[in-house]
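Computation of the quantities below employed the complete heavy-atom set of this structure, encompassing side-chain atoms and omitting hydrogens, waters and symmetry-equivalent molecules.
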Amino acid sequence: MDSNLLQHFARAYRLLQVVSRDFSSIDSPILVRLLVVLREQQTTLYQAILLLQQSHTDKEDLRYYIEVIYRDEEARDPLFRAWVRNVIWMGLESRESTKAKKSIMKQIRRELLQAVPYVEELYGKQETRYIIPPLMRKNGGM
């Protein structure tokens, strides 16, 4: 399959591994929801990477994983912003730690945005409309 798509997904997966380990054990409803989305996105990226590494990939199976990855990204972004506001307001984490997580989350989003043209190449622009959410597609998501 597409090695560029594989590279972007692999980098996003590694970044998700780093950021997932770095959350404190503070039990807040926002963090619980955020961690569920992060775990699902990480697991799904892993499955997509495994499919992309095969010589004969079923495009429909891959499509399912790509849909989940981008829907999770769409859900993760507002949850993460709410978590940042919560942490700052309650003073639960240092600003440096929060900034580091923000930076990693931006890098994950950037990797997924950079993968959009390769998804379009694989499925066509018309079909990609049903795979990737509009805000992530429009002008490279920016």
Side-chain angles (χ1 to χ4, degrees), residues 1-89 92-142:
M1 272 292 177
D2 193 319
S3 65
N4 293 314
L5 185 59
L6 175 61
Q7 289 175 0
H8 288 297
F9 281 1
R11 283 193 289 261
Y13 175 75
R14 285 191 298 274
L15 289 165
L16 272 167
Q17 283 182 308
V18 170
V19 80
S20 293
R21 286 183 298 224
D22 200 28
F23 281 96
S24 62
S25 60
I26 300 163
D27 191 25
S28 77
I30 294 172
L31 182 57
V32 170
R33 289 177 57 201
L34 177 60
L35 289 175
V36 167
V37 171
L38 289 175
R39 284 188 198 107
E40 181 182 52
Q41 192 174 35
Q42 187 176 354
T43 303
T44 309
L45 272 166
Y46 181 75
Q47 295 298 324
I49 289 166
L50 290 178
L51 273 178
L52 286 167
Q53 289 173 338
Q54 296 175 3
S55 57
H56 299 291
T57 302
D58 181 6
K59 282 177 65 173
E60 284 307 306
D61 287 345
L62 182 61
R63 177 192 166 133
Y64 168 76
Y65 292 126
I66 293 172
E67 286 175 1
V68 173
I69 290 164
Y70 283 93
R71 300 290 180 223
D72 282 346
E73 182 64 22
E74 192 175 42
R76 182 196 55 78
D77 187 51
L79 279 172
F80 179 70
R81 286 184 283 128
W83 176 83
V84 168
R85 285 190 305 272
N86 186 41
V87 164
I88 290 171
W89 178 68
L92 298 173
E93 208 170 277
S94 71
R95 290 208 184 264
E96 293 79 29
S97 178
T98 305
K99 276 179 81 172
K101 286 182 183 79
K102 275 179 158 177
S103 174
I104 292 172
M105 293 295 192
K106 284 181 184 177
Q107 290 175 42
I108 293 167
R109 188 168 187 86
R110 190 174 317 118
E111 289 298 334
L112 293 176
L113 289 172
Q114 290 173 352
V116 169
Y118 303 108
V119 174
E120 286 180 347
E121 189 178 295
L122 192 59
Y123 293 98
K125 205 169 187 92
Q126 189 69 19
E127 191 65 23
T128 302
R129 294 175 48 207
Y130 302 103
I131 300 171
I132 298 175
L135 293 176
M136 301 260 335
R137 267 192 340 264
K138 188 177 180 180
N139 299 327
M142 306 214 168

### Residue pairs fulfilling salt bridge (Lys or Arg N to Asp or Glu O under 4.0 Å) with at least one residue in residues 122-134, sequence neighbours excluded
Arg63-Glu127, Glu120-Lys125

Once side chain to side chain donor-acceptor pair (under 3.5 Å) is applied, do any residues pair with [X], and if so which ones, sequence neighbours excluded?
X	value
Glu40	none
Asp61	none
Tyr13	Gln17
Arg71	none

### Task
Taking atom CZ of Arg11 as the centre, report whether more than 12 heavy atoms of other residues, nucleotides or ligands fall under 6.0 Å from it.
yes

### Task
Return the set of residues passing ring-ring contact (aromatic ring centres under 6.0 Å, His included) with Phe80 (not counting sequence neighbours), or none when no residue passes.
Trp83

#### Entry: For Ala10 against Ile49, the heavy-atom pair lying closest together
CA-CD1, 3.6 Å

### Heavy-atom pair with the smallest gap, counting every atom of Tyr65 and Thr44
O-CG2, 3.3 Å

Test of understanding: with side chain to side chain contact (heavy atoms under 4.5 Å, CB included), list the residues that count as partners of [X], not counting sequence neighbours.
X	value
Arg85	Arg81, Ala82
Tyr64	Val68
Ser20	Leu38, Gln42
Ile104	Leu15, Val18, Val19, Ile108

Any donor and acceptor pair, going by atom type alone, linking the side chain of [X] with main-chain N or O of [Y] inside 3.5 Å?
X	Y	result
Tyr123	Tyr130	no
Thr57	Leu51	yes
Ser103	Lys99	no

### Query
Below 4.0 angstrom, N of the basic side chain to O of the carboxylate: do Arg76 and Glu73 qualify?
yes

### Query
Does any non-hydrogen side-chain atom of Val84 lie less than 4.5 Å from one of Met105?
no

Once rounded to the nearest 0.5 Å, what's the spacing between atom [atom1] of [X] and atom [atom2] of [Y]?
X	Y	atom1	atom2	result
Thr128	Glu67	OG1	CD	10.5 Å
Leu45	Ile66	CG	CD1	10.0 Å
Leu52	Gln7	CG	CD	11.0 Å
Asn86	Leu79	CG	CG	11.5 Å
Gln114	Gln107	CD	CD	10.5 Å
Leu135	Leu113	CG	CG	10.0 Å

### Task
Could you go through the side chain to side chain contact (heavy atoms under 4.5 Å, CB included) check for Leu122 and Tyr118 one step at a time?
CA-CA 6 Å; Leu122 192 59; Tyr118 303 108; over 6 Å; no

### Task
Any chance you could lay out the side chain to side chain contact (heavy atoms under 4.5 Å, CB included) test for Val119 and Met136, step after step, and finish with the verdict?
CA-CA 12 Å; Val119 174; Met136 301 260 335; over 6 Å; no

### Task
Using the ring pair (Phe, Tyr, Trp, His ring centres under 6.0 Å) rule, collect all pairs that involve residues 92-114, keeping only residues at least two apart or in two chains.
none

